[in-house]
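For reference, the structure is listed below as structure tokens.
Worth saying up front: this structure is predicted, and the values here are computed from it rather than measured. When a ligand or atom number is given, it counts from 1 through the structure's own listing order.
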Amino acid sequence: MYRSHTCGELRIEDVNKEVTLSGWVQRVRDKGGMAWVDLRDRYGITQLIFEEGVTAPEVLEKTRQLGREFVIQATGTVVERYSKNDKIPTGAIEIKVSAIEILNAAKLPPFMIEDDTDGGDDLRMKYRYLDLRRNPVREKLALRHRIAQEVRRYLDEQNFLEIETPVLIKSTPEGARDFIVPSRMNPGEFYALPQSPQTFKQLLMVSGFDRYFQIVKCFRDEDLRADRQPEFTQIDCELAFIEQQDILDIFEGMVRHLFRMVLNQEIGDFPHMEYADAMRLYGSDKPDIRFGMEFVELNEVAQNKGFKVFDDAELVVGIKAEGCASYTRKQLDALTNFVKSQQVGAKGLVYVKCNEDGSFKSSVDKFFDQEALAAWAQTMEAKAGDLLLVLSGAKDEVRKQMNELRLHMGNELGLRKEGEFKPLWVVNFPLLEWDEETKRFHAMHHPFTSPKPEDMALLDTDPGAVRANAYDMVINGVEIGGGSIRIHDREQQQLMFKHLGFTDEEAKEQFGFLMEAFEYGAPPHGGIALGFDRLCAMFGGSESIRDYIAFPKNNSGRDVMIDSPALVDGTQLDELQIALNLKKED
Ligand code: ASP
């Protein structure tokens, strides 16, 4: 028996018990006549005490050999501590040790295994197994576990079946590059790792499973950011015989359940926002609605007054920063620099201060008199003391820029409050998205998304205007998940591939299996996938999903702990009949 109790378990009521604990040495304090060892495991820390003249000499001898992170087993009696530590749950007791066993010695760790460590990011990634011993990191994975359990519980109660789908598959079109895996048994042929189980979950609907879910790894070869990993986890779901509203209800219910069970928080109803409104009012398909500051379009009041920049613009749009009329020159310059930064890319910023005395002071006083500025203020429902910030340009671009400025102001004014959660559904996304590079329409969600029946006629005349039965769940400006009602009819699916620029042969080659399945009785169906890593990060109050993944990859997609990706042996390549043809770096 390695242990009778964990290191987080013993209390004052356990005094006089004979116990055995196993764990890691957090710290040794040797004061000559007395020594203390803090013993740590996943559950907590318990203090061991050794005393010259009381503790057997061979036990003392072993204690003197201990160093940080040694793995030991200690047996002894629980005693009440003389000076108690009320910061830890075991702080009222200690163990008077009678026997000690060194289970394994340890090298000095490259950084301190403490809540506040001295280890930098790179070092901690290289020794991730040591980093995982630290409380804050372990707690994040425990949170992840808890959320996963609650997801399973909720979906099980709703009659979902958890079904695994293969990892070695053929390309799935989620808009990223595939990771590919060569097949030894089929030389020259490759599997692709799933960007999502999309086609499989649809096939499960054809099979009659009617409610499927899986907490599943997805693989996308794309450039990495703080909230992206080449392999990540989705809560992937699909349902048959449902409509969009059913799906929204079920998954709103799931997230509500998670907030209740995990954070003990009740969150309000999820408002529905049209995609077009999200873009018009927030310049983003994932608006942070913890605060207002909605866009107001100013073309009518700001154009044709001789200010060429506005007159030539497709859109003049403003936001109102309440109570910010007192901004100094320096603050306004900083905002101008922000919008002109590479990240935002605007040409300049126009401001209007709505002074307390009812007058206006703007950066375009040369072109706009008090009356003209009053008209802006009225359109924007501004009061004395407010600051108006205005951008102009091509519609899509200026909306993006204004989105950045709005979020920046939200941060600056403390309006994006931590611990406050404002979820919503963004609905009725466009079906197609124009891609300048390839000069083609792409599926905005994926090619299996069904268009709104009433927009079908537009497919030939104005494809960009066709709306899809597609929806995203957004919380605090973060896209938590998205899905759609699918096409379940062969003809329609074929038509969609045609609109996406596939020839009949290409469509058949890539997705013939799905279209064929649709000929054998495919029920109406739809689904959704939620980003599990992101959901965990949000519940933990962090921006980075990496902290919530046991063994994450760095920004270049490397696992620096196992040193992967790596070269493979020549014989492995020979077996695969693969020859490398690496470009020389210049
Ligand atoms: N497969 C989609 C995705 O990964 C989600 C869905 O449509 O269910 O984004």
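For ligand 1, the protein residues placed under 4.0 Å by at least one non-hydrogen atom are Glu174, Ser196, Gln198, Lys201, Arg220, Gln234, His445, His446, Gly482, Gly483, Arg486, Gly527, Ile528, Ala529.
Under the side-chain contact (heavy atoms from CB on, under 4.5 Å) criterion, Gln244 pairs with Leu248, Val427, Asn428, Asn469, Tyr471, Ile485, not counting sequence neighbours. For the side-chain hydrogen bond (donor to acceptor under 3.5 Å, both in side chains) test, no residue two or more places apart in sequence or in another chain qualifies with Asp122.
By the 4.0 Å N-to-carboxylate-O rule, Arg134 lies close enough to Asp131 to be salt-bridged with it.
Side-chain atoms of Tyr212 and Asp236 include a donor-acceptor pair closer than 3.5 Å. When only modelled atom types and interatomic distance are considered, Thr165 and Gln214 share a side-chain donor-acceptor pair under 3.5 Å.
Listed by first then second residue, pairs satisfying salt bridge (Lys or Arg N to Asp or Glu O under 4.0 Å) with a partner in residues 245-257 read Glu252-Arg256, Arg256-Asp269, not counting sequence neighbours.
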